[in-house]
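Worksheet for the structure shown next.
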Amino acid sequence: MATGSLSLVPKRLRMVEDFSCTGCLEQNLTESADIYCEKCLRFYCKKCVILHSQFFTKHMTCGREDIKKWPVSKAVEDFLRKCEVHEDETLTQFCHDHSQLCCSACVGTIHSQCREVTQISELTNSQPSDLEGLSVELETVLGDIKTLQISQEASIQSLQRTYNEHREVMIEQMCGNLNTYIDKCDNNSVGTSGGNEQYLKKEMCRNVVSILNEFDNITAKELNEMKDEVISIKGSVTSSIHKCTSLHNDLSQFHEIVQKIGDHKQLCLITSIKCKHIIQQALTLLGKSGKAFNVKSNTEHNVRIPSDSGACYIRGVCVLTDGQVLVADGQNDKVKLLNQQYQVVSHCDLTVYVRDMCQITPSEVAVALDKNAGNTHNVQFITVTQSQLTLGRKLELQHGCTGIACHQGELFICSKTALYKYALSGKQVCRLYEDRSSDYSVYKCAVSPTGDRLYISSYKQHKLLILARDGTLLATYTDPALVLPYGLHVTPAGQVLVCGLGSATVLQVGWEGQSKLATLKDGVRSPLSVCYSSTTSSIIVGQWGGDNILVFRVE
């Protein structure tokens with residue numbers, strides 16, 4: 001439910017500033033009230049209260065230190081009671097089916113089929129508001145939202161800095177190649193005759209032009225690709241920052257209302273319900289949603305194409321913003337594009353074993369390629385344009401590449417025994433975590449929407465590991481229903497999905513990594529990968545062999 005935006009309420013209407021001296025208002029003057037008289041039901045400024053005290057010596061008054069005893073201002077009461085859907089209507093009822101406040105117009109349209117709709121006046125005694133607890137929760141969430149906003153702003157600066165540094169390195173490399181070649185030509189020209197010298201000069205010019213052309217054709221293309229990635233990611237982060245700002249404003253003003261709303265039972269109940277909704281919005285943005293998925297239906301879709309040499313092993317799934325789906329087929333070394341009906345409409349061939357895939361921008365993915373026999377460990381970028389797949393730049397790694405995840409331009413890569421962080425340019429930043437106790441101890445990875453938590457599937461140990469941003473181990477999750485944990489995915493709301501290859505399950509685990517919220521089993525055989533589509537409210541599961549993907553419609 002949308003709570004509306006208190007940021008639309010002018011600042012002069014916010015709580016204390018709302019209370020003006022009643023006597024001054026009657027004279028078309030505006031003075032802030034300092035005293036409220038419960039007997040007169042009037043507000044007084046410092047000047048008017050002197051006269052009031054002279055005439056009404058026995059009246060009990062409340063100063064700002066007892067503002068909870070003051071009546072709620074009309075502007076704030078009007079805001080709290082106003083229906084966000086029908087702005088000319090007043091909230092009078094509560095729908096239990098949707099946990100929403102509603103007006104009479106809402107009941108007649110949106111909630112006409114709902115089983116239980118109750119008058120707000122009937123709920124004031126049965127529904128505790130607990131404004132004190134809400135105040136503490138609002139304060140905590142406010143701090144988290146502010147921290148997230150600061151982190152996002154830092155991400156934008158880091159992205160731009162990474163691109164600038166990479167560009168400078170590429171240009172320096174080109175200049176170095178030119179200088180090396182020129183020095184080589186200078187050394188070779190010593191003692192040459194005039195005719196040979198002329199030939200060397202022409203040859204030198206041709207090679208210099210060749211070096212420059214190579215820079216234009218390869219390096220400049222790579223820089224342009226990276227620049228597009230930076231622009232796209234910055235746009236997404238900026239949009240998230242705007243959401244943080246809006247939510248922070250709303251949370252701040254609700255926090256103020258909760259502090260000073262007093263004992264008006266109906267308004268306390270309305271405020272409590274609205275606060276809970278906006279706190280849930282904030283938790284979703286923070287990636288701390290505790291909502292469990294409820295499966296409505298499931299279907300199978302064949303993704304095999306005529307050129308496939310064997311059964312499909314779908315090791316990675318990504319959903320684009322337009323609802324199209326990319327699947328990484330490890331057995332056939334292909335990335336396939338599916339339309340919204342999950343039919344293969346395009347594909348591209350890769351020469352090295354496909355291990356995993358993650359989304360970089362709304363139209364670009366990075367594919368983890370790894371082949372121990374040839375000591376080949378790459379990250380291949382692929383762009384989708386008008387339903388066609390185009391190979392982009394490639395990063396060469398010096399270690400294994402079995403799992404990959406991305407958050408705001410930072411790449412997280414698993415090597416089987418360690419987790420590394422890379423910049424978008426391909427520069428290794430650090431090794432975040434390592435466990436050499438056995439192979440496949442750090443096999444696949446996923447990152448929370450805010451980037452503050454990392455999830456690792458420890459394949460042979462049958463564990464899900466939860467790390468802090470700096471690689472510190474926060475929690476370890478084990479479950480009899482989670483055997484040989486493989487693919488991982490974190491939804492935009494922070495819901496963690498992990499494939500149990502050996503147990504033929506997909507578990508939904510709490511964002512903190514300490515609880516199981518749901519289990520998908522129906523039709524699941526050997527799950528390798530999983531991804532949630534916000535566009536269709538579906539969980540897509542890629543499997544080992546069988547040529548089919550599973551699609552679970554959820555709510």
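Hydrogens, waters and symmetry mates are skipped; everything else that's a heavy atom, side chains included, is used. As the structure is a computational prediction, the values presented were derived from the model and not from experiment. Numbering starts at 1 and runs along the sequence shown.
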Run the ring-centre check on F293 versus F552 and record whether the distance is less than 6.0 Å.
no

Where is the tightest heavy-atom contact between H407 and G451, given as atom of each residue plus distance?
NE2-N, 3.4 Å

Given the rule in the side chain to side chain contact (heavy atoms under 4.5 Å, CB included) test, do S425 and M226 qualify, once you have shown the distances and angles that lead to the verdict?
CA-CA 7 Å; S425 61; M226 187 176 168; 3.7 Å; yes

Closest non-hydrogen atoms of Q324 and L337, given as atom of the first, atom of the second and distance, are OE1-CD2, 3.6 Å

Backbone N or O of Y313 within a donor-acceptor pair of the D329 side chain at under 3.5 Å?
yes

Under a 3.5 Å threshold, yes or no: a donor from one side chain and an acceptor from the other, between K234 and Q160?
yes

Spell out, as yes or no, whether a donor-acceptor pair under 3.5 Å connects the side chain of H462 to the backbone of L484.
yes

For E132, does the CD atom have more than 12 heavy-atom neighbours from other residues, nucleotides or ligands under 6.0 Å away?
no

Compare every heavy atom of P449 with every heavy atom of V490, then report the nearest pair and how far apart it is.
CG1-CD, 3.8 Å

According to the interplanar angle, ranging from 0 to 90°, do the rings of Y486 and Y443 count as parallel (below 30°), tilted (30 to 60°) or perpendicular (above 60°)?
perpendicular

So does L507 get a backbone contact from the side chain of T505, meaning a donor-acceptor N/O pair under 3.5 Å?
no

Heavy atoms, side chains only, cut-off 4.5 Å: are S448 and W511 in contact?
no

In this structure, are over 12 heavy atoms from other groups packed under 6.0 Å from K227 atom NZ?
no

Judged by atom type as modelled, is there a donor-acceptor pair below 3.5 Å linking the side chain of Q543 to the main-chain atoms of L550?
no

Donor-acceptor pair between Y455 and R453 side chains, under 3.5 angstrom:
yes

Run the numbers on V317 and V530 for side chain to side chain contact (heavy atoms under 4.5 Å, CB included), then give the verdict.
CA-CA 6 Å; V317 180; V530 61; over 6 Å; no

Least distance between heavy atoms, P527 atom then A504 atom
CD-CA, 3.9 Å

Could you tell me whether the side chains of Q149 and T245 share a donor-acceptor contact shorter than 3.5 Å?
yes

Taking the ring of Y422 and the ring of H166, is the distance between their centroids below 6.0 Å?
no

Flag, side chain of N332 to backbone of G310, donor-acceptor distance under 3.5 Å
yes

Looking at L411, N378, I413, L424, which hits side chain to side chain contact (heavy atoms under 4.5 Å, CB included) with L395?
L411

Taking the side chain from Q359 and the backbone from T361, do they hold a donor-acceptor pair closer than 3.5 Å?
yes

Quick check: do E364 and T383 have side-chain heavy atoms less than 4.5 Å from each other?
yes

If every non-hydrogen atom of Y477 is compared with every non-hydrogen atom of V509, which pair is closest and at what distance?
CE2-CG2, 4.0 Å

Using a 3.5 Å distance criterion without hydrogens, assess whether the side chain of Q380 forms a donor-acceptor pair with backbone atoms of A368.
no

